[in-house]
Amino acid sequence: VEFSTVRYSKQFPLKDFSPESCLLIFDEQLLKAKAGKKIIQRFPLKYKVKAGEKLKDIKAFPKHAESILKTLNDKNTKDLKVIALGGGSVGDFAGFIASVLKRGVPLIQVPSTWLSAIDSAHGGKTGLNAGGAKNQIGTFFPAEKILIIEDLLSSQPQARLNDGAGELFKIALIEGKTLWKKVSTLQTLNQKNLWKLLPEAINAKYKVVKKDPQEKTGYRQILNLGHTLGHVIEATLRISHGDAVGQGLIFALRWSHERGLLNEKDFAEIESSFMFKEFEQKLESSLKKLNLTKSRSGLLMDKKKSQKDSLFFILLKKPGQAVRQKVSVQDVINEVMRQKAL
Ligand SMILES: NC(=O)c1ccc[n+]([C@@H]2O[C@H](COP(=O)([O-])OP(=O)(O)OC[C@H]3O[C@@H](n4cnc5c(N)ncnc54)[C@H](O)[C@@H]3O)[C@@H](O)[C@H]2O)c1
């Protein structure tokens with residue numbers, strides 16, 4: 001398995017590309033940002049999409065595939081590369097396209113949201129949604145390069161920070177050590193401190209991915225910390241992915257504590273962090289709205305399902321030590337009920 005190169009720069013390194021041999025798949029939203037527009041204008045071969053889960057819907061895929069082939073027309077595609085410019089939904093979609101277009105062409109990820117810069121652009125997972133559940137159809141297709149561009153990321157509105165915060169909180173808990181120390185002592189989160197933490201957060205993800213690139217041993221599943229309930233919250237309450245993951249993390253942390261995995265001292269330290277408090281309030285309001293029947297079917301669709309009615313849930317022993325435990329869907333529901341009553 002080859003590993004991607006991550007490059008950090010202030011602006012898009014246009015001089016490293018011959019735009020004629022690239023197909024740029026980009027989020028139309030980026031036409032509104034100076035940094036985005038500047039990149040888009042330089043590529044003659046491009047395909048504009050609307051970001052979001054609908055883009056990843058398998059039902060919309062055939063049309064997209066045909067339009068993309070039309071865009072390519074009779075261009076010589078021998079040296080073609082796909083550049084994904086956008087957030088996680090665009091990266092997952094364009095990554096899937098790159099993995100199957102002409103049986104696979106090299107991919108370059110240019111994440112434009114904090115969430116995608118920290119997480120989804122790295123590690124090679126592509127995904128489409130099917131049967132009402134996320135990422136059921138997908139490939140492992142690592143980008144040859146990931147370009148992290150400061151101007152592009154800073155063009156995001158403040159509201160998007162929260163999505164990045166969920167994944168940053170997650171990876172810091174998985175990594176432990178200095179990254180966790182830095183994240184746990186943050187007093188606030190803004191574009192500046194997030195930008196500074198990016199390289200450490202990204203390296204922490206690669207450390208996990210390198211041990212199990214294609215999720216063969218199951219070790220990589222620890223990256224799903226916060227995701228099992230997070231996905232249910234995201235799908236049933238229509239909350240953005242990063243926000244839902246942040247809330248799912250609180251659920252997983254409280255459960256780890258309740259099961260005696262996470263000791264009092266470590267839990268108290270986590271609980272006192274600014275990030276925990278932010279997401280805890282949100283989880284409380286989501287739990288009130290969660291419909292348990294819908295949650296049950298959402299949990300049954302979980303791709304980490306190990307057997308009928310049971311699944312692997314990721315819990316935390318301490319910062320730096322996430323573990324997989326087999327639990328039943330009913331165990332999760334019982335814990336949701338317990339936490340609803342807290
Ligand atoms: N492949 C993986 O390993 C992986 C990991 C985590 C999440 N994901 C996927 O990522 C997706 C969520 O990522 P996301 O939150 O980046 O989603 P997204 O692509 O839907 O972007 C969120 C919103 O931000 C807007 N946006 C993007 N860049 C912007 C910019 N620079 N300025 C202003 N607005 C901008 C988009 O138009 C959209 O409205 C989900 O589909 C999730 O399943 C994948």
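Both backbone and side-chain heavy atoms feed into the values below; hydrogens, waters and symmetry mates do not. Counting starts at 1 for both ligands and their atoms, following the listed order. Just so it is clear, the model here is predicted, and its values are computed rather than measured.
Contact annotation: the side chain of Leu24 never approaches that of Leu45 to less than 4.5 Å [non-hydrogen atoms, C-beta and beyond]. Counting heavy atoms from C-beta outward, Leu262 and Ile270 have side chains that approach closer than 4.5 Å. Looking at heavy atoms from C-beta onward, Asp163 lies out of side-chain contact with Val245 at the 4.5 angstrom threshold.
When the options Thr113, Asp92, Leu115 are ranked by their closest heavy atom to atom 13 (O) of ligand 1, first place goes to Leu115. The heavy atom nearest to atom 6 (C) of ligand 1, considering only Leu85, Val245, Asp119, Val90, is found in Asp119.
Not a single heavy atom of Gly86 sits less than 4.0 Å from an atom of ligand 1. Heavy-atom separations between Ser155 and ligand 1 include at least one value shorter than 4.0 Å.
In terms of protein heavy atoms, atom 34 (N) of ligand 1 is closest to Gln29 CG, 3.7 Å. For atom 36 (C) of ligand 1, the nearest protein heavy atom (residue, atom name, distance) is Asp27 OD2, 3.1 Å. Taking atom 4 (C) of ligand 1 as the reference point, the nearest protein heavy-atom neighbour is Ser120 CB, 3.2 Å. Shortest contact from atom 33 (C) of ligand 1 to any protein heavy atom: Pro157 CD, 3.5 Å. Nearest protein heavy-atom neighbour of atom 10 (O) of ligand 1: Gly88 CA, 3.3 Å. Of the protein's non-hydrogen atoms, Ser89 OG, 3.2 Å is the one closest to atom 20 (O) of ligand 1. Among protein heavy atoms, atom 31 (N) of ligand 1 sits closest to Ser112 O, 3.1 Å.
Of the heavy atoms in His241, only side-chain atoms (C-beta onward) come closer than 4.0 Å to ligand 1. Residue contacts with ligand 1 for Gln156 involve both N, CA, C or O and side-chain atoms from C-beta outward (heavy atoms, distance under 4.0 Å). The residue Lys50 has no part lying near ligand 1, judged by heavy-atom distances below 4.0 Å. With a heavy-atom cut-off of 4.0 Å, Asn135 touches ligand 1 through its side chain alone. The side chain of Lys205, and not its backbone, has at least one atom closer than 4.0 Å to an atom of ligand 1 (non-hydrogen atoms only; side chain from C-beta on). Residue contacts with ligand 1, taken as heavy atom pairs separated by less than 4.0 Å, involve Arg160 solely via side-chain atoms from C-beta onward.
Side-chain atoms of Ser89 and Asp92 form no donor-acceptor pair, as typed in the model, at a separation below 3.5 Å. A donor-acceptor pair shorter than 3.5 Å cannot be found between the side chains of Trp255 and Gln325. With hydrogens and angles left out, the side-chain atoms of Glu53 and His241 include no donor and acceptor closer than 3.5 Å.
Polar contact with ligand 1: absent for Glu234 (N/O pair, distance under 3.5 Å). Between Glu53 and ligand 1, an N or O atom pair is found at a separation short of 3.5 Å.
With respect to Arg338 and Glu335, a salt bridge is recorded, a charged nitrogen being found less than 4.0 Å from a carboxylate O. Using a cut-off of 4.0 Å between Lys/Arg side-chain N and Asp/Glu carboxylate O, Lys63 and Glu66 are scored as not salt-bridged. Taking the charged nitrogens against the carboxylate oxygens, Arg7 and Asp16 do have a contact shorter than 4.0 Å, which makes a salt bridge.
Ligand 1 places these atoms under 4.0 Å from at least one heavy atom of Leu30: 28 (N), 29 (C), 30 (C), 31 (N). Distances below 4.0 Å separate heavy atoms of Lys125 from the following atoms of ligand 1: 1 (N), 3 (O). Atoms of ligand 1 found under 4.0 Å from any heavy atom of Leu152 (numbered from 1 in listed order, with element): 31 (N). Those atoms of ligand 1 that come under 4.0 Å of a heavy atom in Gly87, given as number and element, are 16 (O), 19 (O). Remark: ligand 1 atoms within the under-4.0 Å shell around heavy atoms of Ala51 are 19 (O), 20 (O), 36 (C), 37 (O), 38 (C). Contact atoms of ligand 1 toward Gly52: 20 (O) (distance under 4.0 Å to a heavy atom of the residue). Counting the atoms of ligand 1 from 1 in the order shown, those under 4.0 Å from a heavy atom of Lys134 are 40 (C), 41 (O), 42 (C), 43 (O).
Legend: residues meeting side-chain hydrogen bond (donor to acceptor under 3.5 Å, both in side chains) with Ser18, ordered by chain and number and at least two apart, are Ser21.
Annotation for Arg259: atom CZ counts as buried by contact number, over 12 foreign heavy atoms lying within 6.0 Å. The environment of Lys48 atom NZ is sparse: at most 12 non-hydrogen atoms of other residues, nucleotides or ligands sit within 6.0 angstrom.
Aromatic pair Phe43/Phe26: ring centres not closer than 6.0 Å.
Judged by distance alone, with hydrogens and angles left aside, the side-chain atoms of Asn291 form a donor-acceptor pair with the main-chain N or O of Thr293 at under 3.5 Å.
Sorted by first then second residue, the ring-ring contact (aromatic ring centres under 6.0 Å, His included) pairs that include residues 101-139, not counting sequence neighbours, are His122-Tyr206.
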